[in-house]
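All of these numbers come straight from a predicted model, not from anything done at the bench.
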Amino acid sequence: MKVLTLNIPDSLDLDDLQVAMIVASRLYEQGKLSLGQAAEMTGLSKRTFAELLGTYEVSIFNYPAADLASDGTNA
């Protein structure tokens with residue numbers, strides 16, 4: 001796993017977990033990380049990460065609408 005060092009202005013008043021959640025939740029939302037990978041990135045369990053996703057306005061149901069339509073057609 002890569003390690004990244006960021007300089008974040010003190011005025012943002014974010015702790016390490018909040019920054020990790022922002023990055024991991026967006027990567028999860030974009031489909032670049034699985035739920036497990038995103039949870040691991042933050043150091044949280046899958047369950048805890050999933051429960052916190054709503055706080056960052058990310059749905060746990062990360063399923064593209066186009067895939068849902070094709071699944072309905074193929075059912």
Side-chain angles (χ1 to χ4, degrees):
M1 190 174 291
K2 292 181 182 180
V3 175
L4 176 66
T5 303
L6 296 172
N7 294 317
I8 301 195
D10 292 333
S11 62
L12 289 180
D13 195 30
L14 296 172
D15 63 30
D16 293 349
L17 177 58
Q18 290 171 315
V19 173
M21 278 298 299
I22 291 167
V23 173
S25 64
R26 293 304 173 224
L27 291 172
Y28 172 75
E29 183 177 43
Q30 294 172 359
K32 296 185 185 282
L33 291 178
S34 68
L35 184 69
Q37 290 170 321
E40 181 181 351
M41 184 176 166
T42 61
L44 300 172
S45 68
K46 286 183 194 179
R47 180 181 178 147
T48 301
F49 180 80
E51 289 172 352
L52 290 174
L53 279 175
T55 306
Y56 294 88
E57 298 182 5
V58 175
S59 173
I60 190 164
F61 302 107
N62 195 12
Y63 202 69
D67 289 351
L68 185 60
S70 67
D71 285 353
T73 303
N74 295 331

**Request:** Return yes if some donor-acceptor pair links the side-chain N/O of Tyr28 with the main-chain N/O of Ile60 below 3.5 Å, else return no.
**Result:** yes

**Prompt:** Between Ala24 and Ala38, what is the shortest heavy-atom contact and its length?
**Reply:** CB-O, 3.8 Å

**Request:** Group every Ile, Leu, Val, Met, Phe, Trp and Tyr by side-chain heavy-atom contacts under 4.5 Å, then state whether Leu33 and Met1 land in the same group.
**Result:** no

**Prompt:** Going from OH on Tyr56 to CZ on Arg26, what distance comes out if it is rounded to the nearest 0.5 angstrom?
**Reply:** 10.0 Å

**Fill in**
Tightest non-hydrogen contact, residues Ala39 and Phe49, listed as CB-CB, 3.8 Å

**Message:** Could you see if Leu44 belongs to whatever hydrophobic cluster contains Val3? Use Ile, Leu, Val, Met, Phe, Trp, Tyr and a side-chain cutoff under 4.5 Å.
**Reply:** no

**Request:** Could you tell me whether the side chain of Glu29 reaches within less than 4.5 Å of the side chain of Leu53, counting heavy atoms only?
**Result:** no

**Asked** What is the distance from atom CD of Glu51 to atom OG of Ser45, rounded to the nearest 0.5 Å?
**Response** 7.5 Å

**Message:** The test is side chain to side chain contact (heavy atoms under 4.5 Å, CB included); show your working for Leu12 and Val19 and say whether it passes.
**Reply:** CA-CA 10 Å; Leu12 289 180; Val19 173; over 6 Å; no

**Message:** Is the shortest side-chain heavy-atom distance between Thr42 and Thr48 below 4.5 Å?
**Reply:** no

**Asked** Distance from Leu27 atom CG to Gln37 atom CD, nearest 0.5 Å?
**Response** 10.0 Å

**Request:** For the pair Gln18 (side chain) and Asp15 (backbone), establish whether a donor and an acceptor sit closer than 3.5 Å, ignoring hydrogens and angles.
**Result:** yes

**Complete:** OG of Ser34 to NZ of Lys46, rounded to nearest 0.5 Å, is 7.0 Å

